[in-house]
S.K.: 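Here it is: the structure, laid out below.
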Amino acid sequence: MGDKLKNFTYSLIHEDCHCHARLGQMNIFGKVVETPIFMPVGTQATVKFLAPEDLRNIKAGIILANTYHLWLRPGADILEKAGGIHRFMNYDGPILTDSGGFQVFSLADRRKISEEGVTFRSHLDGSRLFMSPEDSIYIQEKIGSDIAMSFDECIPYPSEYKYVKESMERTLRWAKRGKMAHTRQDQALFGIVQGGEFADLREYCAKALTEMDFDGYSIGGTSVGEDKKTMYQMIDYSIKDLPKDKPRYLMGVGAVNDILEGIERGVDMFDCVLPTRIARHGTLMTSKGRINIKKQIYKDDFSPLDNECDCECCRNYTKAYLNHLFRANEGLGNRLMSIHNLRFLIRLVEGAREAIRQDRFLEYKKEILTKYQFDERGF
RNA sequence: GGAGGGGUAGCGAAGUGGCUAAACGCGGUUGACUGUAAAUCAACUCCCUACGGGUUCGGCAGUUCGAAUCUGCCCCCCUCCA
């Protein structure tokens with residue numbers, strides 16, 4: 001009985017009758033979240049500039065952390081000693097860890113891939129570190145996240161078919177090894193679909209992972225330089241053969257139009273550094289489109305950032321103040337603007353859930369895209 | 001009154017005969033950012049009718065083929081001594 005509550009489950013509540021958009025509910029070992037969901041990224045066991053209390057206030061739900069970064073610092077043993085990442089960082093919501101697979105991409109010039117795993121040259125001190133797919137799982141078990149990812153290779157775009165195929169097949173072998181190594185019953189494990197922009201590879205990978213029976217399926221290798229059309233195709237190819245009764249997670253995607261396109265195609269989970277990173281760099285997503293708070297026109301603009309927004313930043317502060325905080329390089333500006341951008345995307349998916357419930361997701365998407373004047377990048 | 005030191009682009013500050021429209025930092029403007037080596041990075045920042053032209057390094061007058069850099073005078077600032 002108690003076990004049942006402590007399981008990881010995904011329930012499909014409703015599928016929009018005009019597209020593949022779906023409303024779901026995940027029970028993550030007793031913690032319940034609704035999907036589609038946007039998950040803020042807190043690589044080093046912190047969403048930069050935010051305290052866990054801020055995450056609760058913006059209704060964050062799941063947040064991310066990163067296996068590679070926590071492995072290097074403070075180290076998996078410290079996380080284990082702390083009693084797991086939740087206690088370590090004092091966040092009691094669900095936490096998902098990326099496996100380190102993205103670092104195979106982002107730190108490409110300081111790693112070497114072999115069948116066995118990946119050798120990294122630490123970006124902190126240059127030391128040689130080896131991570132196998134099993135290691136990634138062990139580390140994630142020590143970190144104690146609620147949802148772990150298989151160790152994969154996120155490949156750049158464009159890559160040659162031959163390489164993409166070999167890499168995807170290796171990622172599949174790694175997924176299998178990781179799954180064999182995984183022991184924690186209180187941690188879900190997702191497989192990651194790769195295969196570049198190639199329909200047959202994506203399809204093959206999705207089917208093979210499904211056969212291995214993961215708790216959920218991620219779509220990886222997107223937003224790595226490809227154009228939007230290609231990216232949406234990658235999603236289509238990947239999702240087509242994934243089981244309906246498991247969550248689908250589109251990794252690393254957070255531009256507004258991308259999230260909407262993803263939801264339309266049946267994606268349940270998104271994460272992205274974009275909202276927090278661009279916030280720190282002065283770009284805010286508002287109901288009137290994207291603004292850059294550092295511009296001089298905001299120096300004496302005493303109106304709120306977005307009067308349709310319910311976040312702490314918009315309820316209490318003016319653009320002039322944010323402009324000042326940005327120019328003065330004050331941390332509060334980073335905090336308030338990160339809160340805003342995250343809340344903006346979280347409200348976006350909240351609205352999407354409501355729309356799906358009413359079978360009007362496509363209208364919702366259209367409303368958003370016409371009302372908000374996003375450029376082709378979608379933010 | 002005397003003795004030193006100094007005046008360089010919005011600010012600070014290099015440069016002390018040609019490679020200098022003048023390093024670098026700040027400030028300013030613009031742009032980038034999608035499973036975070038990112039409170040980061042890039043471009044521009046004397047003027048213009050701008051793949052070229054014009055005018056500069058307190059002021060004026062010189063030396064020189066050539067000066068922000070050397071000489072003279074003047075103006076201003078700082079420190080110390082009276």
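Chain naming here is simple, since letters A, B, ... match the order of the sequence lines and numbering starts at 1 in each.
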S.K.: Who passes side chain to side chain contact (heavy atoms under 4.5 Å, CB included) against A/His69, sequence neighbours left out?
M.R.: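 So A/His69 forms a side chain to side chain contact (heavy atoms under 4.5 Å, CB included) with A/Thr43, A/Gln44, A/Asn66, A/Gln103, A/His123.
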S.K.: Where along residues 35-54 of chain A does a heavy atom fall under 4.0 Å from RNA chain B?
M.R.: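 Contacting residues: A/Val41, A/Thr43, A/Lys48, A/Phe49.
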S.K.: Can you say whether the rings of A/Phe120 and A/Trp71 are parallel (under 30°), tilted (30 to 60°) or perpendicular (over 60°)?
M.R.: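 Ring orientation of A/Phe120 relative to A/Trp71: perpendicular.
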S.K.: Please report the distance separating the P of B/G62 from the corresponding atom of B/U30, rounded so that it comes out in whole Å.
M.R.: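 Per the computed distance, 46 Å lies between those P atoms.
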S.K.: With side-chain hydrogen bond (donor to acceptor under 3.5 Å, both in side chains) as the rule and sequence neighbours excluded, what pairs involving residues 193-203 of chain A come up?
M.R.: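 Sorted pair list: A/Asp152-A/Gln194, A/Tyr161-A/Asp200, A/Arg202-A/Ser238, A/Glu203-A/Lys207, A/Glu203-A/Lys240.
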S.K.: Which of residues 141-155 of chain A have a heavy atom under 4.0 Å from RNA chain B?
M.R.: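 Heavy-atom cutoff 4.0 Å gives A/Asp152, A/Cys154.
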S.K.: Taking the six-membered ring for Trp, are A/Phe214 and A/Tyr217 parallel (under 30°), tilted (30 to 60°) or perpendicular (over 60°)?
M.R.: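 Geometry flag for A/Tyr217 against A/Phe214: perpendicular rings.
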S.K.: Test your reading of the model: is there a side-chain donor-acceptor pair from A/Lys319 to the backbone of A/Phe302, 3.5 Å cut-off?
M.R.: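 Checking the backbone N and O of A/Phe302 against the side chain of A/Lys319, no donor-acceptor pair under 3.5 Å is found.
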S.K.: Only pairs with both distances under 3.5 Å count, Watson-Crick or wobble alike; so what is the partner of B/A61 in this structure?
M.R.: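 Answer to the pairing question: B/U71, which forms a Watson-Crick or G-U pair with B/A61.
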S.K.: List in numerical order all residues of residues 197-217 of chain A for which some heavy atom is under 4.0 Å away from an atom belonging to RNA chain B.
M.R.: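 Within residues 197-217 of chain A, no residue comes under 4.0 Å of RNA chain B.
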S.K.: List, one per line, each side-chain donor-acceptor pair under 3.5 Å for residues 72-83 of chain A, sequence neighbours excluded.
M.R.:
{"residue": "A/Asp77", "atom": "OD1", "partner": "A/Lys142", "partner atom": "NZ", "Å": "2.6"}

S.K.: Is a salt bridge present between A/Lys179 and A/Glu134, judged by a nitrogen-to-oxygen distance below 4.0 Å?
M.R.: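 No, no charged N to carboxylate O under 4.0 Å.
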S.K.: Using a 4.0 Å heavy-atom cut-off across all strands, classify A/Leu250 as base, sugar-phosphate, or nothing.
M.R.: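 Result for A/Leu250 = nothing.
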S.K.: Under 4.0 Å: is that the gap between some side-chain N or O of A/Asn66 and OP1 or OP2 of B/U36?
M.R.: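 For B/U36, OP1/OP2 do have a side-chain N/O of A/Asn66 under 4.0 Å.
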S.K.: Would A/Arg184 and A/Asp186 pass as an ion pair if we require N to O under 4.0 Å?
M.R.: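 Yes, this pair counts.
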S.K.: In residues 165-184 of chain A, what residues come within less than 4.0 Å of RNA chain B, judged by heavy atoms?
M.R.: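 Per residue number, the list is empty: none.
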S.K.: Using distance alone, with no hydrogens and no angle criterion, decide if A/Asn292 and A/His281 have a side-chain donor and acceptor under 3.5 Å apart.
M.R.: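 No donor-acceptor contact under 3.5 Å links the two side chains.
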S.K.: Quick test of your reading of the model: are A/Glu261 and A/Lys365 salt-bridged, counting only N-O distances below 4.0 Å?
M.R.: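 Counted as a salt bridge, because a side-chain N and a carboxylate O are separated by less than 4.0 Å.
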S.K.: In terms of side-chain geometry, is the basic nitrogen of A/Glu169 or A/Lys165 positioned less than 4.0 Å from the acidic oxygen of its partner?
M.R.: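 Here A/Glu169 pairs with A/Lys165 in a salt bridge, since their nearest N and O are under 4.0 Å apart.
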S.K.: Indicate yes or no: does A/Lys59 engage A/Glu34 in a salt bridge with an N to O separation below 4.0 Å.
M.R.: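 Salt bridge absent between A/Lys59 and A/Glu34.
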S.K.: Summarise how protein sits on nucleotides 28-34 of chain B as a single string, 5' to 3': B when a protein heavy atom is under 4.0 Å from the base, S for sugar-phosphate-only contact, - for no contact.
M.R.: SSSBBBB
S.K.: When we call it a touch if two heavy atoms are under 4.0 Å apart, what does A/Glu226 touch: a base, just sugar-phosphate, or nothing?
M.R.: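 Touches nothing.
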S.K.: Using 30° and 60° as the class boundaries, would you call the ring planes of A/Phe29 and A/Phe8 parallel, tilted or perpendicular?
M.R.: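 A/Phe29 vs A/Phe8 ring planes: tilted.
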S.K.: Got a sec, which residues hit ring-ring contact (aromatic ring centres under 6.0 Å, His included) with A/Tyr298, two or more places apart in sequence or on another chain?
M.R.: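 Expected list: none.
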S.K.: Within the 4.0 Å heavy-atom criterion, would you say A/Gln103 contacts the bases, only the backbone, or no part of the nucleic acid?
M.R.: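 If one applies the 4.0 Å heavy-atom cut-off, A/Gln103 turns out to touch the sugar-phosphate alone, with no base involved.
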S.K.: Contact list please: residues 85-100 of chain A against RNA chain B, heavy atoms, distance less than 4.0 Å, in numerical order.
M.R.: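 Residues of residues 85-100 of chain A under 4.0 Å from RNA chain B: A/Asp98.
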S.K.: Salt bridge (charged side-chain N to carboxylate O under 4.0 Å, His left out): which pairs involve residues 9-19 of chain A, sequence neighbours left out?
M.R.: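 Sorted pair list: A/Glu15-A/Lys244.
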S.K.: Would you say A/Thr286's side chain and A/Lys288's backbone share a donor-acceptor pair under 3.5 angstrom?
M.R.: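 Confirmed, A/Thr286 side chain pairs with A/Lys288 backbone.
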S.K.: Got a sec, which residues hit ring-ring contact (aromatic ring centres under 6.0 Å, His included) with A/Tyr91, two or more places apart in sequence or on another chain?
M.R.: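 Checked A/Tyr91 against ring-ring contact (aromatic ring centres under 6.0 Å, His included); zero matches.
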S.K.: Begin from the C-alpha positions of A/Glu116 and A/Ser132 and carry the test side-chain hydrogen bond (donor to acceptor under 3.5 Å, both in side chains) through to its verdict.
M.R.: CA-CA 6 Å; A/Glu116 200 42 41; A/Ser132 70; 5.4 Å; no
